[in-house]
Amino acid sequence: MTITSPPLGSSSAWTDARLLYALEEVVEKELNRHLKVAKDWMPHEYVPWSDARNFPGLFEDGEAWGKEQSKVTEIGRIALVVNLLTEDNLPSYHHEIASLFGRDGAWGTWVHRWTAEEGRHGIVMRDYLLASRAVDPDKLEQFRMSHMSEGFESDNAHSMLHSVAYVAFQELATRISHRNTGHQSGDPVCDRMLSRIATDENLHMVFYRNLLKAAFEIAPDLTMQAVRDVVVNFRMPGHGIPGFERAAAQMAIGEVYNLRIHHDDVIQPVLRHLKVLQIDGLGPDGLRAQEELGLFMGGLDAEALKFDEKLAARKARMAARAGA
């Protein structure tokens, strides 16, 4: 590391500026690794352009949109809109991380590379949705304008460590959401597109997860507190989307993203990989945060179990009605 870690108990010595400087070498290493394994891909190659036709407007042959024109399921349509509108706020996300991490050196190179890669996701998803007529284009644009006009302010903008911890989980959550949306979409073309996006999101998660590991090595108490705060207060970046709560509830029932998935496929894998709940040598604040994190995870698992039971009961009722 560039800076020797301050002695145990001197967490206050770690300012954001010192942490950014101390982690610069790790960022450069992870950036180089990322560039070696990441593969460029062309968004237009994943879009079924032959299915496209004009919408009403300037074209005399424009055809009004209708649900029956698309292969996409109802839950797929709901999740695709949420996922795309989340991607649409990329300018705000870029502003947030560029302000926190800076635009110079390895940090700046990563910020711009990440933004460029994320930009592909919004491009290909919108092109797919319009070409395949999966969603009402007018409503999609109205939602986009409303969502982006509200802007985005991260819950973790106050702290560089909190931001790193958040994206380590959030990138995995996004990967899972995209992947499950593809599986539930009913369209193999959509599934392939979202699988490609999910691969990018996984690489982004690995970058931040490895950075979080390095943060634990140099500032374990502060990092543990950041992880606890992020996990306990976690919410997806698209929470400001119009109608998000209703859509999230439908996605939960549709098994795109719910409490069980959040616990088993997002939070637990990162904690397990980093052995967060097994880290020793913590000071009082770090130890308290670790204990609180463990208790929260137990409670989250219990809540996920309740959801599982409700979902199973709902499926049983629907099956009974279908067989009546």
Undergrad: Can you tell me how far the CG atom of Leu287 sits from the CD atom of Glu292, to the nearest 0.5 Å?
TA: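 Leu287 atom CG to Glu292 atom CD measures 10.0 Å (nearest 0.5 Å).
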
Undergrad: Quick one: does Tyr257's side chain get under 4.5 Å of Val266's, heavy atoms only?
TA: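 Result yes, sub-4.5 Å side-chain heavy-atom pair found.
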
Undergrad: Minimum heavy-atom separation for Leu100 and Asn156, please, with both atom names.
TA: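 Smallest interatomic distance, heavy atoms only, reads CD1-O, 4.4 Å.
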
Undergrad: List the steps and the verdict of side chain to side chain contact (heavy atoms under 4.5 Å, CB included) for Leu293 and Leu271.
TA: CA-CA 10 Å; Leu293 178 60; Leu271 296 181; 4.0 Å; yes

Undergrad: Going hydrophobic residue to hydrophobic residue with side-chain gaps under 4.5 angstrom, can you get from Val276 over to Phe296?
TA: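 Yes, Val276 and Phe296 fall within the same hydrophobic cluster.
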
Undergrad: Between Ser146 and Gln142, does any side-chain donor sit less than 3.5 Å from a side-chain acceptor?
TA: no

Undergrad: Give a yes or no on whether Arg33 atom CZ has more than 12 heavy-atom contacts from other residues, nucleotides or ligands under 6.0 Å away.
TA: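 Result for CZ/Arg33: enclosed.
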
Undergrad: Run the salt bridge (Lys or Arg N to Asp or Glu O under 4.0 Å) check on Arg144 and Glu141 step by step: do they pass?
TA: CA-CA 5 Å; Arg144 188 191 70 84; Glu141 178 60 11; 2.8 Å; yes

Undergrad: In terms of hydrophobic clustering (I, L, V, M, F, W, Y; side-chain heavy atoms under 4.5 Å; direct or indirect links), are Val167 and Leu203 co-clustered?
TA: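 Not linked; separate clusters.
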
Undergrad: Below 4.5 Å, heavy atoms only, C-beta onward: do Asn202 and Thr199 meet side chain to side chain?
TA: no

Undergrad: List the steps and the verdict of salt bridge (Lys or Arg N to Asp or Glu O under 4.0 Å) for Glu87 and Arg126.
TA: CA-CA 10 Å; Glu87 299 285 356; Arg126 174 166 281 99; over 6 Å; no

Undergrad: If we ignore hydrogens and angles and just use 3.5 Å, is the side chain of Asn180 paired with the main-chain N or O of Val256 as donor and acceptor?
TA: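 Confirmed, Asn180 side chain pairs with Val256 backbone.
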
Undergrad: Can you see which heavy atom on Pro56 is nearest to which on Glu63, and at what distance?
TA: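 Where Pro56 meets Glu63 most closely, the heavy atoms are CD-O, 3.2 Å.
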
Undergrad: Is a side-chain N or O of Asn258 found less than 3.5 angstrom from the main chain of Ala252, in a donor-acceptor match?
TA: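 Between the backbone of Ala252 and the side chain of Asn258 there is a qualifying donor-acceptor contact (under 3.5 Å).
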
Undergrad: So Val26 and Glu30, side chain to side chain contact (heavy atoms under 4.5 Å, CB included) or not? Walk me through it.
TA: CA-CA 6 Å; Val26 181; Glu30 289 303 313; 4.3 Å; yes

Undergrad: Between Glu201 and Arg179 (salt bridge meaning N to carboxylate O under 4.0 Å), is one present in this structure?
TA: no

Undergrad: More than 12 heavy atoms of other residues, nucleotides or ligands under 6.0 Å from CD of Glu60: yes or no?
TA: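 12 or below, so no.
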
Undergrad: More than 12 heavy atoms of other residues, nucleotides or ligands under 6.0 Å from CG of Asp104: yes or no?
TA: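 Atom CG in Asp104 is not crowded, with 12 or fewer foreign heavy atoms closer than 6.0 Å.
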
Undergrad: Would you indicate whether the side-chain heavy atoms of Val227 and His162 approach each other to under 4.5 Å?
TA: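 No, side chains not in contact.
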
Undergrad: Kindly compute the distance separating CD (Gln184) from CG (Leu80), expressed to the nearest 0.5 Å.
TA: 11.5 Å

Undergrad: Count the heavy atoms belonging to other residues, nucleotides or ligands that lie under 6.0 Å from NE2 of His95, then report whether that count exceeds 12.
TA: no

Undergrad: Verify the neighbour count for atom CD of Glu45: are there more than 12 heavy atoms of other residues, nucleotides or ligands below 6.0 Å?
TA: yes

Undergrad: Cluster partners of Met42, using ILVMFWY side-chain heavy atoms under 4.5 angstrom, listed by chain and number?
TA: none

Undergrad: Taking Ile241 as the starting point, is it possible to reach Met148 by hopping between hydrophobic residues whose side chains are less than 4.5 Å apart?
TA: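 Each belongs to a different hydrophobic cluster.
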
Undergrad: Calculate, to the nearest 0.5 Å, the distance between atoms CG and CD belonging to Asp221 and Gln290 respectively.
TA: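 The CD atom of Gln290 is 10.0 Å from CG of Asp221, to the nearest 0.5 Å.
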
Undergrad: Between His34 and His204, is the side chain to side chain contact (heavy atoms under 4.5 Å, CB included) condition met? List the steps.
TA: CA-CA 8 Å; His34 176 84; His204 297 165; 3.9 Å; yes

Undergrad: Is any NZ, NE, NH1 or NH2 atom of the basic residue among Asp40 and Arg113 found under 4.0 Å from an Asp or Glu carboxylate oxygen of the other?
TA: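 Salt bridge between Asp40 and Arg113, a charged N being under 4.0 Å from a carboxylate O: yes.
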
Undergrad: Is it the case that the side chains of Thr181 and Asn83 hold a donor-acceptor pair, with the cut-off being a distance below 3.5 Å and no angle test?
TA: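 Note: Asn83 and Thr181 side chains meet the donor-acceptor criterion.
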
Undergrad: In the structure I gave you, are the side-chain heavy atoms of Met125 and His178 within less than 4.5 Å of one another anywhere?
TA: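 A side-chain contact exists here, since the closest heavy-atom pair is under 4.5 Å.
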
Undergrad: Answer yes when Lys306 and Glu309 have at least one side-chain N-carboxylate O distance shorter than 4.0 Å, and no when they do not.
TA: no

Undergrad: Within a strict 4.5 Å, meaning less than it, do heavy atoms of the Gln225 and Leu161 side chains meet?
TA: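 The answer is no; the side chains never approach within 4.5 Å.
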
Undergrad: Any chance you could measure Asp264, atom CG, to Leu259, atom CG, to the nearest 0.5 Å?
TA: 10.5 Å

Undergrad: Ile123, Val189: one ILVMFWY side-chain cluster at the under-4.5 Å cut-off?
TA: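 In one cluster with Ile123: Val189, no.
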
Undergrad: Taking the side chain as everything from C-beta on, heavy atoms only, tell me whether Ile253 gets closer than 4.5 Å to Arg314.
TA: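 Counting from C-beta outward, Ile253 and Arg314 do come under 4.5 Å.
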
Undergrad: So, for Ala247 and Val82, which heavy atoms are closest and what is the spacing to 0.1 Å?
TA: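 Shortest heavy-atom contact: CB-CG2, 3.6 Å.
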
Undergrad: Any donor-acceptor pair under 3.5 Å linking the side-chain atoms of His147 with those of Asp88?
TA: no

Undergrad: Between Tyr208 and Trp110, how do the two ring planes meet: parallel, tilted or perpendicular, split at 30° and 60°?
TA: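 If you compare the ring of Tyr208 with that of Trp110, the planes turn out perpendicular.
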
Undergrad: On a heavy-atom basis, which atom in Glu96 and which in Ala157 lie closest, and how many Å separate them?
TA: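 Between these two residues, the closest heavy atoms are OE1-CB, 3.5 Å.
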
Undergrad: Does the side chain of Asp138 reach to within under 4.5 Å of the side chain of Trp65, using non-hydrogen atoms?
TA: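 Not in contact.
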
Undergrad: Leu23 versus Met160: any side-chain heavy-atom pair under 4.5 Å?
TA: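 SC-SC contact between Leu23 and Met160 confirmed.
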
Undergrad: Evaluate Asp200 against Trp41 for side chain to side chain contact (heavy atoms under 4.5 Å, CB included), listing each step before the verdict.
TA: CA-CA 10 Å; Asp200 280 1; Trp41 54 279; 3.1 Å; yes

Undergrad: Before we go on, tell me: are the rings of Phe207 and Trp114 under 6.0 Å apart, centre to centre?
TA: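 No, the ring of Phe207 stays outside the 6.0 Å limit from the ring of Trp114, centre to centre.
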
Undergrad: How long is the span from the OG1 atom in Thr73 to the CG atom in Asp187, to the nearest 0.5 Å?
TA: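 Reported to 0.5 Å precision, the distance equals 9.5 Å.
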
Undergrad: Does NZ or CZ of Arg133 come closer than 6.0 Å to the centre of the six-membered ring of Phe55, within 45° of the ring's axis?
TA: yes

Undergrad: Taking all heavy atoms of Met236 and all of Phe244, pick out the closest pair and write down the distance.
TA: CB-CZ, 4.5 Å

Undergrad: Under 6.0 Å between ring centres: does that hold for Tyr46 and Tyr128?
TA: no

Undergrad: Does Glu117 have more than 12 heavy atoms from other residues, nucleotides or ligands lying within 6.0 Å of its CD?
TA: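 Counting other residues, nucleotides and ligands, CD of Glu117 exceeds 12 neighbours.
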
Undergrad: Measure up the Tyr93 and Phe152 rings against each other and bin them: parallel (under 30°), tilted (30 to 60°), perpendicular (over 60°).
TA: perpendicular

Undergrad: Can you measure from NE2 (His112) to CH2 (Trp107) and round to the nearest 0.5 angstrom?
TA: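 Reported value, rounded in 0.5 Å steps: 13.5 Å.
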
Undergrad: So, does Gln69 use its side chain to make a donor-acceptor pair with the main chain of Ala64 at under 3.5 Å?
TA: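 Present.
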
Undergrad: Can a salt bridge be assigned to the pair Lys315 and Glu255 using a cut-off of 4.0 Å between side-chain N and carboxylate O?
TA: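 Judged by the 4.0 Å cut-off on N to carboxylate O distance, Lys315 and Glu255 do form a salt bridge.
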
Undergrad: Counting N and O atoms only, with roles assigned by atom type, does the side chain of Thr174 sit under 3.5 Å from a partner on the main chain of Gln170, one being a donor and the other an acceptor?
TA: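 Yes, Thr174 side chain to Gln170 backbone: donor-acceptor pair under 3.5 Å.
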
Undergrad: With clusters defined by side-chain heavy atoms of hydrophobic residues (ILVMFWY) lying less than 4.5 Å apart, directly or transitively, does Leu35 cluster with Met205?
TA: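 Yes, Met205 and Leu35 fall within the same hydrophobic cluster.
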
Undergrad: Closest approach of Arg77 and Ser70, non-hydrogen atoms and distance?
TA: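 Reported closest heavy-atom pair: NH2-CB, 4.2 Å.
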
